[in-house]
Amino acid sequence: MAAADSPSTALRRRDLCSRGIRLAGKMRADVIDLLDAYVERQGLDASASVAAVEGVPLAAVERWDEQTGTQRLLENLAAYRAFRTLLAQMLEEQREQLGEADAGLGRALAAVLLQVSAFTYHLEELLRLESRGIPGEEEDGPPPPPRLSIFEQKLRGLGVLRELAQWAVRSTRDLRQLAKPSSATGTAPGLTESP
Amino acid sequence: GSLGTPQNLKCVTHNLHKMICTWDVSSRGRYGQTDFCYTANDLTSQVCFKTKERRVEIPVPESSSTVTIKSSGTAFATKEFVIHQKDISFVPVTPHILSLTPDFSTSTLNLKWSDNGSIFPYGLDALWQIQILRKETMEEVTQVTYHSKLTHEDLILSWNWSSDMPLECTSHYVKIRCYINATQFVGPKDWSDWSPAEVVPGKDTEPGGSGVFPLDTVVAVGSDVTFCCVHEEDQHITNMTYGSKPYKMIQLSSRSHAIRVLNASASDTSGTNVVCHLKNGMDGTVVFVGYAPDTPQNLSCETSNFLIIKCTWKPGRPSGLYGDRRTKYSLFERMSGKNVSCEVNEMNRDRACGFPVLPDQKTYDFILGVSNPIGQAQSSLLVDITQRVHPKAPEKLTVIGNNSTSIQMRWFMNGSFAGIRLLCQIEVSSGHSERKLHNVSMPGGKSSTYTAQMNALRPYTKYQFRVRCSAADHFWRWSDWSRGVEQATA
C-alpha cells in the first residue's frame, strides 16, 4: 500500500510536475520548429514515412492508463536519456557533415538537446522525491550506433525528432497524471508501489 | 579425287613458329590411320609420321612446305599439297585475362593480362580490343583499342576503365582479343578469338543486396551522374527522385534501376538527396555537387612579431562543399620543407593561416595548397619577412617625464624586432591646433619598451599623443595607432 504523501511532498511533487509540464510544452514547440527546419535543410520530404529507427524509444504505449507513477517516470527517464544520446550524435554528425555551413540548424539542435537534458534532470528530481533509486546510466552508455550512410543519418534524424515530439506530448500527460493527488483517486495510478 | 582423298587442307599459326593444319576427306569413309609427310623448303629430308587425327602441328615454313597425306580409309588415297606462307593465316593465341579488379570508390575497373610476347619476335605492334559489357543481357557498353609493342618477353599489361555508373549497379563483364601486326608474315592475319568474359558481379546479384549508389559521393557542378537503386528480390520500385524531381528510370536488371542526371547543379549545404521509393519503404543516398577550389588570389604574408608569419588570400568562388568535404588549405615552405595545415572557417570570406618564423630564416618560399574532393589548386609566394613587418599597435603608451617645453614618453611593443630598426611616428595635437607627426627610429628589441622625447612644446599647454610603428628599412605597413595619452607641459 502506498504511504500517504506528507503535505510538503505532495506540494513539491505538484510543483515539479507543473514545471515539468511547462518544460515539456516548450520542448515540444521547439522540436516542432526544429523538425520543420530539419526537413527543409536536409532536403527531405515532410510526408516521408520513416521506418522505426533502432535505439529510438517509441512514445506509443499500450494500456497507458494502467501504468503506475513509477513506471511512467522510469519509462520517461529511459526515453529522454536515449534522446540525449541520439541528439548528441545528430549534433556531431551535423558538425561533421556541414561544419559551420548551417550554424542555425546546429544551434537549434543544441538548444533542444539542452532542454532534453534539463527535462531528464527534472525526471530524476521527481524520482528522488519519491525516494526511488535512480537507475544508473549504462556505464559506457549504449553501444555506438552502426556507421550509417548520410541519407540514413538524415532519415534517422527525422525519426528521432518526430518521436521526440510524440514523447513531449506523452510526458505532459504522464506528468498531469502524476500531479493528481494519489489519495483522491484511490487506485489512481499515482506513485504507488509498482506491482 | 578418288574415294577418301584428303582435301581442303587449311593451316593456321598462332605463334608464327608452328602451324596447325587440318583437312577433310572427299567422302565419308571409315576413319583410319593417316601417313603425314612434310618437307619445308629449308629441309632436305622429308618428315613423316602417322596420325589418327585430321589435324597436325608442323613448323611454319620460311616460304613454302610440301605436304603429302596418305589416308588409309576405304582405299589408299594420297594427296600432295604445297603450302605457301601466304596461304597460312596468322591468328594470335586467345589472350588470357589475369585479373579484373574493381575499385568501387572510383567506379573503375582495372584489367591485367599477359601479352604472351615471349613467343613472338621483338618489336611487333600488337592491338588489343577490350569490350565492356553490362547488365543481365550483357549489352556492349564500349569497345576500346589498346596499342602495345611486343618485346619478346611476357609482359603484364594493365588498363583502367572508369564506368559512367557505379559498379555496384549491375554486373560488368570484360572480354579481350588481340591482333598482331607481324609485318614479316605474308599470310593473312586476323584477330584472335575473344577471351572468356571476366565478370565483376553487381550488388543486384547478391542475395539480399540493396542500396542506392554511388553512396555519399562528391561530384563537380555540370557533371552527368548515373544513380541506381538496387533492391531485394521481393521488393518493387515505384520511382526514383533526384532532389525533389522524379526521373525516368532505366532498368538494368530485375533488381536494379538507374536514373541519369545531366549537368548537375550545385547542391544545398546538406547535399542533394537521391531517393528510391519502393513498394514498402525507401532507400537513398546523398550527392554533394560543388566546385573544385579556385586558385587562391592575392596571397600575401607578413609578420607582426617575428614569431608567426600570417598569410592571407582571397579564396575565389566558394566550393559549395562543407564539413568533411570542405576545401582544405595547407602552407608548405620549400626551403625548410615544413608543412602546416590551416584551420579555416569556410563561412567567412577572409582566409588566413599562420606559419612559424624559423630560426635564422628570412626568406620563405611558400606554396599555399588548396584541395577538396573535386580538385586542387595552389599559389606560391617568395617573401623576405624583414620586408613584410606589420607590427601590432604599440601598447602602454605612458608619459615618463615632462618640463615646460618637452615631454618624454614610453611604450611597449610585443614582438621580437631585434633584427631590424623600427620607425615610429608620434602624433602630437593640442586643442584646435594642427596635428603634427614626429618620426623617430630606433633599433628593435625583443618585447621591449621604447622611449621618445617631444621637444619645442609650448609651456602650460595640454597635448594629446599617440604612436604607431613600422619597419624602418623596407617599409611595409604602419601598425594601428596606440591608445592616446594626454599630458600638459609644466
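No experiment lies behind these values; they were computed from the predicted model shown. Chain naming here is simple, since letters A, B, ... match the order of the sequence lines and numbering starts at 1 in each.
Surrounding CD of B:Gln376 are at most 12 heavy atoms belonging to other residues, nucleotides or ligands under 6.0 Å away. Counting non-hydrogen atoms of neighbouring residues, nucleotides and ligands closer than 6.0 angstrom, the NZ atom of B:Lys328 exceeds 12 such neighbours.
Taking OG from B:Ser270 and CD from A:Gln153, the interatomic distance works out to 11.5 Å, rounded to the nearest 0.5 Å. Within the model, atoms CD1 of A:Ile150 and CG of B:Leu215 stand 7.5 Å from one another, a figure rounded to the nearest 0.5 Å. Note that CD of A:Gln97 is 7.5 Å distant from CG of B:Asp216, once rounded to the nearest 0.5 Å.
Contacts between A:Arg41 and chain B at a heavy-atom distance below 4.5 Å involve backbone atoms as well as side-chain atoms. With a threshold of 4.5 angstrom between heavy atoms, A:Ser149 approaches chain B through its backbone and through its side chain. In this structure, chain A has a heavy atom under 4.5 Å from the backbone of B:Thr285, while its side chain stays farther away. Proximity to chain A (any heavy atom under 4.5 Å) is shown, for B:Asp268, by neither the backbone nor the side chain. Contacts of B:Arg325 with chain A are made by side-chain atoms alone, with heavy-atom separations under 4.5 Å and no backbone atom involved. When heavy atoms are compared at a cutoff of 4.5 Å, A:Leu44 approaches chain B by way of both its backbone and its side chain.
Chain B forms more heavy-atom pairs under 4.5 Å with one residue of A:Arg95, A:Gln42, A:Lys154 than with any other, namely A:Lys154. Counting heavy-atom pairs closer than 4.5 Å to chain A, the top-ranked of the candidates B:Gly323, B:Gly271, B:Ser267, B:Gly211 is B:Gly323.
Taking all atoms of both residues into account, the shortest heavy-atom contact from A:Phe151 to B:Asp283 is CE2-C, 3.6 Å. The shortest heavy-atom contact between A:Leu98 and B:Tyr322 is O-CB, 3.3 Å.
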